[in-house]
Amino acid sequence: LGNAVLHSEIVSTGDGTYKGRYLTTLSGLYQTKLTLNTAGGLAATYYADADCLHYAYHRMDSEVNFDWGHFSPHQSVPRDFFCARWTGMLAPVNTGEHKFVISADDSAKFWIDHELLIDHMTSHGESWAAKMLREEFLYPIMIEYREQKRDAKIKLMWSAGSLLET
């Protein structure tokens, strides 16, 4: 896009459908990609290497809350040196600041609305960040987890006001 800035919005109409619009700072022809997402989970892709290059397995996960220990998440994935990537959409239940927390052994990254929000590079403790979200919008999210050696676990938690979700 050169120096153009492209901003996209997807807004709920309140009846189970959504409207999208795109705003750009330069006129011209643009292409867009639309995907159909269903409620109830994140698309999970597991890779047989720690660089997310060698596809091994795909499934839907209802949450990101796993403690595999010294085991593999699936027979096609090695127990060490693997990667997992979850993608989906987040529909906030209220407008306001939302806090996101990642706990992982070994490392994990979290993007919302194509912005890297958390870069958890330690195998202990938690990393967190906050972002203002609006109730009527859908936000694309992605979590990328990389397992090196021994214990394998990851958990994503988020809160909005008094709500706490995993």
Side-chain angles (χ1 to χ4, degrees), residues 8 10-12 16 18 33-166:
S8 63
I10 301 174
V11 180
S12 171
Y18 294 86
K33 176 183 171 186
L34 297 174
T35 58
L36 177 64
N37 295 291
T38 58
L42 298 172
T45 305
Y46 293 82
Y47 298 86
D49 66 291
D51 295 319
C52 296
L53 298 174
H54 298 99
Y55 170 86
Y57 181 66
H58 182 82
R59 68 181 184 201
M60 292 298 291
D61 287 334
S62 61
E63 63 181 344
V64 179
N65 184 7
F66 299 99
D67 187 347
W68 295 291
H70 294 288
F71 298 98
S72 165
H74 186 264
Q75 64 188 15
S76 63
V77 178
R79 67 180 188 197
D80 289 323
F81 300 103
F82 70 86
C83 178
R85 185 179 291 142
W86 293 269
T87 58
M89 302 295 282
L90 175 66
V93 296
N94 61 7
T95 296
E97 186 173 87
H98 289 62
K99 181 179 178 182
F100 299 91
V101 181
I102 289 270
S103 173
D105 183 351
D106 289 295
S107 68
K109 294 182 180 184
F110 173 72
W111 289 263
I112 186 162
D113 205 17
H114 309 288
E115 174 189 356
L116 178 60
L117 208 58
I118 298 174
D119 191 356
H120 181 80
M121 297 301 293
T122 178
S123 61
H124 302 291
E126 299 175 341
S127 297
W128 68 275
K131 184 171 178 73
M132 182 65 70
L133 302 178
R134 292 177 45 192
E135 176 181 1
E136 66 271 15
F137 287 83
L138 286 173
Y139 295 89
I141 64 170
M142 182 170 76
I143 303 102
E144 191 171 275
Y145 169 72
R146 293 171 193 259
E147 163 56 11
Q148 298 298 320
K149 293 182 190 176
R150 295 182 280 286
D151 287 342
K153 58 185 169 184
I154 181 169
K155 184 174 187 177
L156 171 69
M157 298 167 283
W158 61 274
S159 65
S162 62
L163 299 174
L164 179 62
E165 298 287 332
T166 58

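Quick note: residue numbers are just sequence positions, from 1.
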### Query
Would you say H98's side chain and G96's backbone share a donor-acceptor pair under 3.5 angstrom?
yes
Next item on the list: Compare all side-chain heavy atoms of N65 with those of L156 and state whether any distance is below 4.5 angstrom.
Entry: no
Value for CE (M121) from OG (S127), rounded to nearest 0.5 Å, stands at 10.0 Å
Taken to the nearest 0.5 Å, the spacing of D113 CG from L133 CG works out to 8.5 Å
Taking side chain as C-beta onward, heavy atoms only, is M60 less than 4.5 Å from L42?
no
Taken to the nearest 0.5 Å, the spacing of I154 CD1 from I143 CD1 works out to 7.0 Å
query: With a cut-off of 6.0 Å (strictly less than), are more than 12 heavy atoms of other residues, nucleotides or ligands near CZ of R150?
result: no
To the nearest 0.5 Å, atom CZ of F100 lies from atom CZ of F110 at 4.5 Å
**Study point:** Lys/Arg-Asp/Glu bridge criterion (N-O < 4.0 Å) met for D61, R59
**Key:** yes
For A48 and S76 the tightest heavy-atom approach is CB-O, 4.2 Å
Self-check item: Sidechain-backbone polar pair: Y145 side chain, K155 backbone, donor-acceptor under 3.5 Å
Solution: no
Residues at least two apart in sequence or cross-chain that pass side-chain contact (heavy atoms from CB on, under 4.5 Å) with A129, listed by chain then number, are L117, I118
Next on the checklist: Aromatic contact between W68 and F82, with the criterion being ring centroids under 6.0 Å apart: yes or no?
Outcome noted: yes
Lys NZ or Arg CZ of K99 over W128 ring: under 6.0 Å, within 45°: yes
Here the gap from E147 atom CD to D49 atom CG, rounded to the nearest 0.5 Å, amounts to 13.0 Å
Quick check, are the ring centers of Y57 and H74 under 6.0 angstrom apart?
yes
For residues 127-145, the salt bridge (Lys or Arg N to Asp or Glu O under 4.0 Å) pairs (sequence neighbours left out) are R85-E144, E115-K131, R134-E136, E144-R146
Under 30°, 30 to 60°, or over 60°: which ring-plane class applies to W86 and Y46, parallel, tilted or perpendicular?
perpendicular
Residues M157, E126; criterion side-chain contact (heavy atoms from CB on, under 4.5 Å); working and verdict:
CA-CA 10 Å; M157 298 167 283; E126 299 175 341; 3.6 Å; yes
Is there a donor in the side chain of H120 and an acceptor in the side chain of S107, or the other way round, less than 3.5 Å apart? no
Interatomic distance, CG@L90 vs OH@Y139, rounded to 0.5 Å, equals 8.5 Å
- Message: Using only atom types and a distance under 3.5 Å, with no angle test, would you say the side chain of H58 pairs donor to acceptor with the backbone of A43?
- Response: no
Is it the case that over 12 heavy atoms from other parts of the model lie below 6.0 angstrom from the CZ atom of F71? no
**Message:** Quick one: does any side-chain atom of D106 pair with a main-chain N or O of Q148 as donor and acceptor, under 3.5 Å?
**Reply:** yes
Sorted by chain and residue number, the salt bridge (Lys or Arg N to Asp or Glu O under 4.0 Å) partners of R79 (sequence neighbours excluded) come out as none
